[in-house]
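From a predicted model like this one, the values you see are computed outputs, not experimental measurements. When a ligand or atom number is given, it counts from 1 through the structure's own listing order.
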Amino acid sequence: MRFVALAFSLTLCPKPLMRPTAIETEIGQIPLQNCLYNASGARCTTGEELDSLARAPTGAVLAKSATIAYRKGNPKPRYRDIPFGSINAMGLPNLGIDFYLDYAAAFSAEKPLFLSVAGLTTAENHTLLKRIQKAAGVGAVELNLSCPNIPGKPQTGYDVAQTEHLLQGVFAFYDKPLGVKLPPYFDRVHFDQMAAVLNRFPLAFVTCINSMGNGLHIDVERETASLKPKGGFGGIGGLYAKPTALANVNRFYKLLDGIPIVGCGGVQTGTDVFEHILCGASAVQVGTSLMKEGLACFTRLGEELQSLMREKGYVRVADFKGKLKSL
Ligand code: SIN
């Protein structure tokens, strides 16, 4: 009887049967077979890059933040690997929303495709989301409130009133899963103020954190900044960002009324992934390690995480999610 049922589902069901994994998770209503996936910006702009991510051992594919039109981005060099992480001032280079909508319509991998949106104005964000609302194949949207690299454009996430205004406009029409990507916060009052705003909206998730904006890395030999745009100022990722990322994940995990957190920042090892989840992350994005190591980082991180879980006697992510103890 079991054989008949299996043969029936293999014949009629177009998707292979999913076996539960130790690192499966869910972001609210969205199940993921693997708690790891790429951060928006890291190797996820072109069709080839997205196809590679679709084949990688990750729980989702997240595309580069899109604007309405194609953007070339800032002049190069605009990304550098640096000793404990990375610095970037990319300036939102992307292929434009039409490309990502076409890609989503044809997407057939056994995991969700998330789009990221970074309109340069409130009106552009509304237009982008109205287009996505009508489109097929989009698992969720990450609304980027935190790109630090557009000259003359402040990060929306540092303006509580503007964030509230933007979200009010968005949720007046948008009814599909939508989360926001926040910048890092450093003052407890700012956590409280932003959480109070976010709690007013039916957000599917909150991603903490984008890169730490406006760092400066120096090329000592040439006595210049390492990057060309913005006088060399750029967003800092990697290990430099990890303690700040963990603090943001943990604070928002406590302050948000059940909105799932996606952790991002400083993930170089399975232990780093474990720490994000312990602080409250439901899933964890990887940016700088993906840039430095390529797709192989996902296999390694997944194995390291599972090995640590086995050592500690945890069988699933939910066993330790948000269970950071006090001293
Ligand atoms: C960029 O394209 O400048 C990076 C995107 C971001 O930090 O949100």
Side-chain angles (χ1 to χ4, degrees), residues 37-46 49-50 53 61-82 85-97 99-100 114-121 124-125 128 140-159 162-163 166 178-185 194 205-217 225-238 240-242 244-245 248 262-267 285-292:
Y37 63 101
N38 66 290
S40 180
R43 300 183 190 274
C44 60
T45 303
T46 66
E49 288 173 328
L50 293 166
L53 286 165
V61 175
L62 173 58
K64 173 71 183 169
S65 294
T67 47
I68 292 177
Y70 162 86
R71 273 179 69 86
K72 195 165 163 225
N74 290 334
K76 295 178 182 172
R78 58 193 186 184
Y79 174 91
R80 283 283 290 269
D81 289 336
I82 55 178
S86 63
I87 182 166
N88 91 84
M90 301 296 289
L92 295 173
N94 75 92
L95 302 183
I97 192 64
F99 171 82
Y100 298 103
F114 298 160
L115 295 191
S116 169
V117 157
L120 299 190
T121 60
E124 184 174 5
N125 277 317
L128 286 160
V141 170
E142 185 177 84
L143 176 59
N144 185 350
L145 303 180
S146 48
C147 176
N149 299 329
I150 307 296
K153 287 276 170 199
Q155 289 158 268
T156 307
Y158 284 140
D159 184 332
Q162 201 196 338
T163 299
L166 173 62
L178 178 132
V180 290
K181 184 168 187 180
L182 297 178
Y185 299 93
M194 184 49 72
F205 59 89
V206 168
T207 303
C208 303
I209 56 172
N210 207 323
S211 60
M212 295 165 53
N214 296 302
L216 184 60
H217 184 264
S226 298
L227 301 184
K228 186 173 177 66
K230 294 182 62 196
F233 282 47
I236 303 292
Y240 304 103
K242 188 178 119 177
T244 300
N248 277 256
V262 178
C264 182
V267 173
Q285 296 178 353
V286 184
T288 297
S289 289
L290 174 56
M291 293 300 290
K292 288 188 172 184

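- Of all the heavy atoms of Lys64, the ones lying under 4.0 Å from any atom of ligand 1 belong exclusively to the side chain.
- Residue Gly41 places every heavy atom at 4.0 Å or more from ligand 1.
- Side-chain contact check for Ser211 versus Asn88: some heavy-atom pair is nearer than 4.5 Å.
- Each of the atoms 1 (C), 2 (O), 3 (O) of ligand 1 lies under 4.0 Å from some heavy atom of Met90.
- The contact set between ligand 1 and Asn149, taken as ligand atoms under 4.0 Å from a residue heavy atom, comprises 1 (C), 3 (O), 4 (C).
- The shortest N or O to N or O distance between Pro93 and ligand 1 is not under 3.5 Å.
- For Lys228, the NZ atom counts as loosely surrounded, since its 6.0 Å shell holds 12 or fewer non-hydrogen atoms of other residues, nucleotides or ligands.
- Between Asn144 and ligand 1, an N or O atom pair is found at a separation short of 3.5 Å.
- In this structure, Glu49 and Asn38 have side chains that are not in contact, with every pair of non-hydrogen atoms separated by 4.5 Å or more.
- By the criterion of a heavy-atom distance under 4.0 Å, the side chain of Asn210, and not its backbone, is placed next to ligand 1.
- With a 4.5 Å cut-off on side-chain heavy atoms, Leu182 and Asn248 do not count as touching.
- Asn94 and Ser65 form no side-chain donor-acceptor contact under 3.5 Å, judged by distance and modelled atom types alone.
- Enclosure of atom NZ in Lys76 is not indicated, since only 12 or fewer non-hydrogen atoms of other residues, nucleotides or ligands lie within 6.0 angstrom.
- With a heavy-atom cut-off of 4.0 Å, Asn88 touches ligand 1 through its side chain alone.
- Between Cys264 and Thr207, some side-chain heavy-atom pair lies under the 4.5 Å cut-off.
- In terms of polar-atom proximity, Ala89 is not counted as a contact of ligand 1, lacking any N or O under 3.5 Å from an N or O of the ligand.
- Contact atoms of ligand 1 toward Pro148: 7 (O) (distance under 4.0 Å to a heavy atom of the residue).
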